[in-house]
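Treat the numbers as computed from the prediction; the structure is a model and nothing was measured. Counting starts at 1 for both ligands and their atoms, in listed order. Nothing fancy with the numbering, it's 1 onward along the sequence.
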Amino acid sequence: MTDSPSFADHLVAWQKTAGRHDLPWQNTRDPYRVWLSEIMLQQTQVTTVIPYYQRFLARFPDIQALAAAPVETVMEHWAGLGYYARARNLHRCAREVVAHHSGRFPASAAGLEELPGIGRSTAAAVAAFAFGERAAILDGNVKRVLCRYFAIDGFPGTAAVHRQLWQLAESLLPQRDIEAYTQGLMDLGAGTCTRSRPACERCPLTAGCQARQQGRQATLPTARPRPAIPERTATFVLLRDGARLLLERRPPVGLWGGLLVPPEGAVDAVLARLGLRARDCRSLPPLRHSFTHFRLTLEPVLCDVEAAPRLAEPGCEWVALEQAATAGVPTPIRKLLISFINQSSTRRRSADSAVARQAKATK
Ligand code: SF4
C-alpha cells in the first residue's frame with residue numbers, strides 16, 4: 001500500500017487520455033441511468049449491453065416508468081441478457097425507490113446498498129458516477145487487477161483474500177477524480193489487464209505491477225481450488241479353480257456396465273452369494289486407478305475354490321486364466337489380472353526350477 005498515490009494517479013491520467021468516454025451511460029449523473037447500466041453490466045460485456053440499455057431506456061425512460069410497468073414487460077425487455085434475477089430485482093428496486101424514497105435514489109453508497117439487487121460494489125459505482133462519492137468498487141475485473149498488481153496469492157473467493165482486496169480497494173481511492181479512477185479500473189480490467197492476455201506493455205500500472213515483475217500474470221489471480229477427488233475402495237475376489245477364473249457380468253447401468261469383472265464384495269459375502277467354498281484365500285497387492293471424478297483402489301483377494309463348483313448365479317462364467325485379461329474386462333481389471341497372471345507364472349517358474357534343482361541334487 002506504499003504506492004497507493006501512484007496507483008491512482010497513473011490510472012486517472014491514463015483513463016483521461018486512453019479510457020472510454022463515449023459509452024451510452026457515460027456523461028450523465030442521472031442515478032437512474034447509471035444504476036441501470038451498472039446492473040446490466042454485471043457479468044455481461046459492454047457490447048452486449050449497449051443495445052439492451054438503449055431499448056430499455058426507450059421503453060422505461062425513468063424510474064417512475066419502470067416502477068409502473070408490470071414485471072412481465074420488464075422481463076420481456078431483459079430477455080436474452082441473462083441472469084434474470086437482475087431484472088426482477090431491478091423492478092423491485094424501482095418500486096421501492098418510488099414508494100419509499102419519493103422516486104429519488106439515496107445519494108450515498110450506504111443508502112444504495114440497502115436497495116434490492118444492489119451489492120456493495122454496484123452501490124459504490126453508482127455513488128461514484130452519480131454523486132461523486134469516494135467509494136471503492138470490487139468486481140471481478142478489479143479483483144484481477146489488484147491480485148496481479150500486488151501479487152496477492154490465494155483464491156479471491158476465500159473470505160481472507162476477499163477482505164484483503166476490499167481493504168486494498170479502499171486504501172487506493174484517490175482524493176479527487178473518483179469518476180475517472182473508477183472508470184479507469186473498469187476500463188483497465190475490461191480491455192488491458194484481461195484474464196488470458198494482459199497487455200502489460202501498454203498498461204499504465206506496469207512500472208509498479210508485481211505480477212509483471214515476477215512474471216506471474218498467468219497464475220494470478222489464484223484459480224479456484226479444485227475439490228478433492230473422492231477416494232473409493234473395492235474388493236474383488238479372484239475365484240480360482242485350477243487354471244480357471246470366475247468372472248461376473250456387471251449390470252448394464254453403472255460403473256463398467258455390461259463388462260466382465262471378478263465378483264466384487266467381501267470374500268464371505270461373495271462366496272455365500274455364489275454358493276462356493278474356498279480352500280485358501282489371500283490378499284494380493286492393491287491397484288489404484290483414477291477416474292474423472294474419483295480414485296478407486298482395487299483390493300484383490302485370491303481364493304482357491306473347492307472342486308467341482310456349480311454356478312447357479314446368472315451372468316457368471318469360468319474363464320481360462322490366460323484369457324481372462326482379454327475377456328471384455330474394463331482397463332483397471334485388465335491391469336489387475338495381468339499383474340496377477342504374471343506373478344502366478346513367475347511363482348510357477350520359480351517353483352519348477354526349485355523342483356528341478358532338488359531333483360538334480362538327489363540324483
Ligand atoms: S502490468 Fe500487466 S498484469 Fe499488471 S496490471 Fe497491468 S496489464 Fe495487469
Handout entry: Side chains of V46 and Y53 in contact at under 4.5 Å (non-hydrogen atoms)
Key = no
Handout entry: Reported CG-to-CE distance for the pair L90 and M40, which is rounded to 0.5 angstrom
Key = 7.0 Å
Exercise for the section: Please say whether more than 12 non-hydrogen atoms of neighbouring residues, nucleotides or ligands are located less than 6.0 Å from CZ in R104. Expected result: no
Exercise for the section: Find out if the SG atoms belonging to C209 and C203 lie under 2.5 Å from one another. Expected result: no
Practice task
State whether R273 and E248 are salt-bridged, where the test is any N-O pair (Lys NZ or Arg NE/NH1/NH2 against Asp/Glu carboxylate O) under 4.0 Å.
Solution key: yes
Problem - Residues R295 and E231 bridged, charged N to O under 4.0 Å - result: yes
Fill in the blank from the handout: At a cut-off of 2.8 Å, protein N/O/S around atom 6 (Fe) of ligand 1 gives C203 SG
